[in-house]
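Working notes for the structure below.
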Amino acid sequence: MRWTSFFSPTLRDAPADAEAISHQLLVRGGFIRQLHSGHYTLLPLAFRVRKKIIRIVEEEMDAIGGQEVQMPTLQPSSIWKDSGRWESMGEIMFRLEDRHGSQAALGVTAEEIFATVANEISSYKQLPQMWYQIHTKYRDEARPKSGLLRVREFTMKDAYSFDIDEDGLDKAFEKQHQAYVKIFERLDLNVIPVEASSGNMGGSDSIEFMVRAESGEDDVLICGECGYAANIEKAVSQLSEIVDEPGPVVPEKFSTPEIRTIAALAEIGYPSEKQIKTMVYLIDGQVTLVLVRGDHMINEQKLADATQAVNLRQAWKNETIETLGASPGSLGAVKVSDLPILADHALNGRTNMTTGANEDDYHLSGVDIDRDINVSEWLDLREVQAGEACVSCGGSLDLVSTIESGNIFKLGSKYAEVFGAKVLDDNGVSRPLVMGSYGIGIERAMATIVETHHDDKGIMWPISVAPFQVVITVVQVKDEESMQVAESIYENLLNAGIEVLLDDRDARAGVKFADAELIGIPIRVTIGPKGIADGVVELTTRSDGEMDLVKIDDVISTITDFLS
RNA sequence: CGGGACGUGGCGCAGCUCGGUAGCGCACCUGCUUUGGGAGCAGGGGGUCGAGAGUUCAAAUCUCUCCGUCCCGACCA
């Protein structure tokens, strides 16, 4: 490709509203343009990168027996109603009606569709199966952000495995795990597999593949000692034991005017780890009290997972007052008998605690949880904090921000049962298929690579996904000899199957160098009159900026060697 | 959904307080000079000032409503 006919509108300044570095560089480099919030046009450069990522994903999926298919993105409401996700997907799902008034949705994910097709499998002899597609997904995100990192329309590789039993699923899951490791290696993304919540996918085991990045929005806890890693929605830790002083036989009410917070109560002599934090939630319409230790935070995803809630929110202030008769700041669960009370494990067995009295401006001290609070269920609800001890080795946990680049789920038979995807086993017994589902966001991977491969001059693509492997920068386009050498190297590289961009623009050298660096081509061949006089050209690698003088006749072999 | 900011040529911005019909840098076009790290000079093209309504002789500027975009939080397969 010749730059003079190539469409890559580079910009000197990034748009003011681009915050994430990948967003800035992809826009500045002429890879993408925004159409509206969460929807981006992929210009030729980005499209080339996308294709390469897709190719890598396809190769690794095919290598583990994946079969590529393509499902419709416009899907009838009926199958989503059958699985219950027409409801539970909530606002994330784009919905529309056709001219006949039939309701439909744009594909958010495809468990339902794949399970429907899996009806065609009738015997255990046809198993296992692994199907995947690389196709557009639509999600009405509450807040699209950070360029390609969180969008409403994107390409996803979604794979689905079908097995006769859990054992088969375990194998498929492991194969996908291994394939992911290879894919991310080839993309030069340093992924951390972490235990994760499966959200409303309804699965059991779930692993997310996370890449550390400044602009990441998922928090992960990692143990530097033993390698334990988990999403904050799932992470657990060890707490040092607290020995409570013996308390009174009944709780004692005391006046606490002006005291509305855990911190304020701590200041007057009731340490936060000796307090009970009481929060009021509406869990699928049911008012519920949720208790954690005073110095702990509730993680709502844990709460949602533990309760299988579809709709979950904190109660409004007025709802709280109606229910408990007091305002937030004076709430407690002592003597509450008509509401479910969910408590975090860290409160188990504690005595002589302090909590709100359910009467404004009063608290209770000397609360013995077993004796005074009617806990319905003990659950893991609290959010682990940085520095806490690892459950497996006691090491200190680090909190790091990451981008979720892929995930794998064990779905079990939920969808197979709903859609009647059953097969006969070797005893002639009908059994539902056991499914897994496995996703990777393609454009997100592209942006994540930029997040992790850039310097102050621009992008530094790994060779595996670079839009071009080589750029030939002709310093003096009007110098005939330079152009002749450039044309000849260009032709030879093309013949060698290498993707080359020939910068034949009549621009100043500085402009051309800056553009080449901005768009991140791994190898630059610089051709100028000076070198030609000596029979050499320059080879510069983008990743380390190192420059070598190479004889003109050796350029092709040097480059092909370097690339292989 | 809660909080905050912004909307003026392709990009970055000024002008708005105090109303008088739009300007700067980059980019773009033409010519000349220049040519190894974002050139110089000269000339030129391009803007419903987010939209609508209102106030006014007159609105980018004042008022109201709406729309859009970004950031923080909530939420998020």
Side-chain angles (χ1 to χ4, degrees), chain A residues 7 9-20 23-24 27-30 33-39 80 83 85 88-93 105 107-112 137-147 149-152 154 156-158 160 196-203 206 208 215 217-218 231 233 298-301 303-304 309 311-314 316 404 406-409 411 437-441 444 457-458 473-479 482 503 505-518 524 526-533 537-538 540 545 547:
Chain A
F7 184 59
T10 56
L11 300 172
R12 196 175 289 199
D13 302 308
D17 51 16
E19 193 94 345
H23 187 191
Q24 294 180 8
V27 172
R28 277 190 57 208
R33 287 294 184 264
Q34 178 172 321
L35 181 61
H36 59 148
S37 183
H39 300 260
W80 290 96
S83 70
R85 291 210 288 183
S88 65
M89 276 288 175
E91 294 181 312
I92 200 81
M93 187 178 237
V108 171
T109 176
E111 285 74 15
E112 283 80 353
K137 294 284 181 288
Y138 297 89
R139 292 181 188 180
D140 194 356
E141 291 287 346
R143 182 148 95 86
K145 57 180 283 199
S146 308
L149 285 173
R150 177 163 296 278
V151 292
R152 304 202 301 175
F154 61 98
M156 181 161 116
K157 181 286 295 186
D158 48 324
Y160 303 85
S197 153
S198 48
N200 84 342
M201 296 290 292
S206 158
E208 291 174 340
S215 55
E217 41 182 0
D218 281 303
N231 192 303
E233 296 170 351
I298 289 180
N299 182 290
E300 289 193 359
Q301 187 64 46
L303 181 58
N311 288 303
L312 177 149
R313 66 167 170 86
Q314 238 182 298
W316 309 131
E404 180 186 350
N407 59 32
I408 55 179
F409 288 105
L411 295 175
S437 96
Y438 317 92
I440 293 179
R444 179 181 282 185
K457 292 174 177 162
T473 304
V474 185
V475 170
Q476 267 278 17
V477 171
K478 285 182 180 146
D479 178 58
S482 291
D503 193 349
R505 295 174 301 170
D506 184 14
R508 301 180 73 82
V511 173
K512 300 170 82 159
F513 293 148
D515 274 348
E517 283 155 353
L518 174 60
R524 186 177 85 208
T526 310
I527 299 174
K530 289 178 193 167
I532 288 197
V537 296
E538 293 165 21
T540 311
M547 190 269 278

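Letters A, B, ... mirror the listed sequences (proteins, then strands); counts begin at 1.
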What integer number of Å spans the C1' atoms of B/C66 and B/G7?
14 Å
How many whole angstroms separate atom CE of A/Met547 from atom P of B/G36?
15 Å
Can you figure out which of B/U69, B/C71, B/A77 approaches the side chain of A/Ser146 most closely?
B/C71
With sugar-phosphate meaning primed atoms plus P, OP1 and OP2, does A/Arg505 contact a base, only sugar-phosphate, or nothing at under 4.0 Å between heavy atoms?
nothing
Pair of N/O donor and acceptor under 3.5 Å linking B/G38 base with A/Glu517 side chain
no
A/Ser437 and A/Glu111 side chains, donor-acceptor separation under 3.5 Å
yes
What is the distance, rounded to the nearest whole Å, between atom CG of A/Leu35 and atom P of B/G68?
13 Å
Counting the atoms with a prime plus P, OP1 and OP2 as sugar-phosphate, which does A/Val108 contact under 4.0 Å by heavy atoms, base, sugar-phosphate, or nothing?
nothing
Nearest-nucleotide comparison on RNA chain B, the residue closer to the 5′ end among A/Leu11 and A/Lys512:
A/Leu11
Specify the separation, in whole Å, of atom CD of A/Gln314 and atom P of B/G2.
16 Å
Check this for me: does any side-chain nitrogen of one of A/Lys145 and A/Glu19 sit under 4.0 Å from a carboxylate oxygen of the other?
no
Sugar-phosphate, base or nothing in reach of A/Gly439, heavy atoms under 4.0 Å
nothing
Taking atom C1' in both B/U56 and B/U61, compute the distance separating them and give it to the nearest angstrom.
13 Å
Select base, sugar-phosphate, or nothing to describe what A/Arg313 touches, counting heavy atoms under 4.0 Å on all strands.
nothing
Using whole Å, what does the distance between atom C1' of nucleotide B/C76 and atom CG of A/Leu303 come to?
16 Å
Could you work out which one of B/A39, B/C71, B/A77 sits closest to the side chain of A/Met89?
B/A77
Check nucleotides 29-35 of chain B against the protein and report each pair of N or O atoms closer than 3.5 Å, with its distance, or say if there are none.
{"from": "B/U34", "atom 1": "O2", "to": "A/Arg508", "atom 2": "NH1", "distance (Å)": "3.0"}
{"from": "B/U35", "atom 1": "O2'", "to": "A/Gln476", "atom 2": "NE2", "distance (Å)": "2.9"}

Side-chain donor-acceptor pair present, A/Asp158, A/Tyr160, cut-off under 3.5 Å:
yes
Using a 4.0 Å heavy-atom cut-off across all strands, classify A/Thr526 as base, sugar-phosphate, or nothing.
base
Determine whether a donor-acceptor pair (one donor, one acceptor, N or O, separation below 3.5 Å) exists between the side chain of A/Arg150 and the base of B/C76.
yes
In whole Å, measure the gap between the P atoms of B/U17 and B/G2 for me.
31 Å
Closest approach to the side chain of A/Ala16, judged atom by atom: which nucleotide of B/C70, B/C13, B/C71 is it?
B/C13
Each nucleotide N or O in nucleotides 22-25 of chain B that has a protein N or O under 3.5 Å away: list the pair and distance.
none

Start at the 5' end of RNA chain B and walk down; is the nucleotide closest to A/His36 or to A/Glu538 reached first?
A/Glu538
Please tell me which of the listed nucleotides, B/G36, B/A77, B/G37, lies nearest to the side chain of A/Arg85?
B/A77
B/C29 and B/U8: how far apart are their C1' atoms, nearest whole angstrom?
23 Å
Which part of the nucleic acid, if any, lies within reach of A/Asp158 when heavy atoms closer than 4.0 Å are counted: base, sugar-phosphate only, or nothing?
nothing
Identity of whatever pairs with B/G25 - Watson-Crick or G-U, under 3.5 angstrom
B/C11
Ranking B/A77, B/C71, B/C76 by distance to the side chain of A/Gln301, first place goes to B/C76
Choosing from B/G36, B/U69, B/G37, which nucleotide comes nearest the side chain of A/Lys530?
B/G36
Tell me whether the OP1 or OP2 atom of B/C70 has a side-chain N or O from A/Ser37 closer than 4.0 Å.
yes
What does B/G2 pair with, Watson-Crick or G-U, if both distances are under 3.5 Å?
B/C72
Among the nucleotides B/G36, B/C11, B/C72, whichever has the atom closest to the side chain of A/Pro15 is B/C11
What nucleotide among B/C26, B/A77, B/C75 has an atom nearest to a side-chain atom of A/Arg12?
B/C26
Side chain of A/Arg143 only, please: which of B/G36, B/C72, B/A77 is the nearest?
B/C72
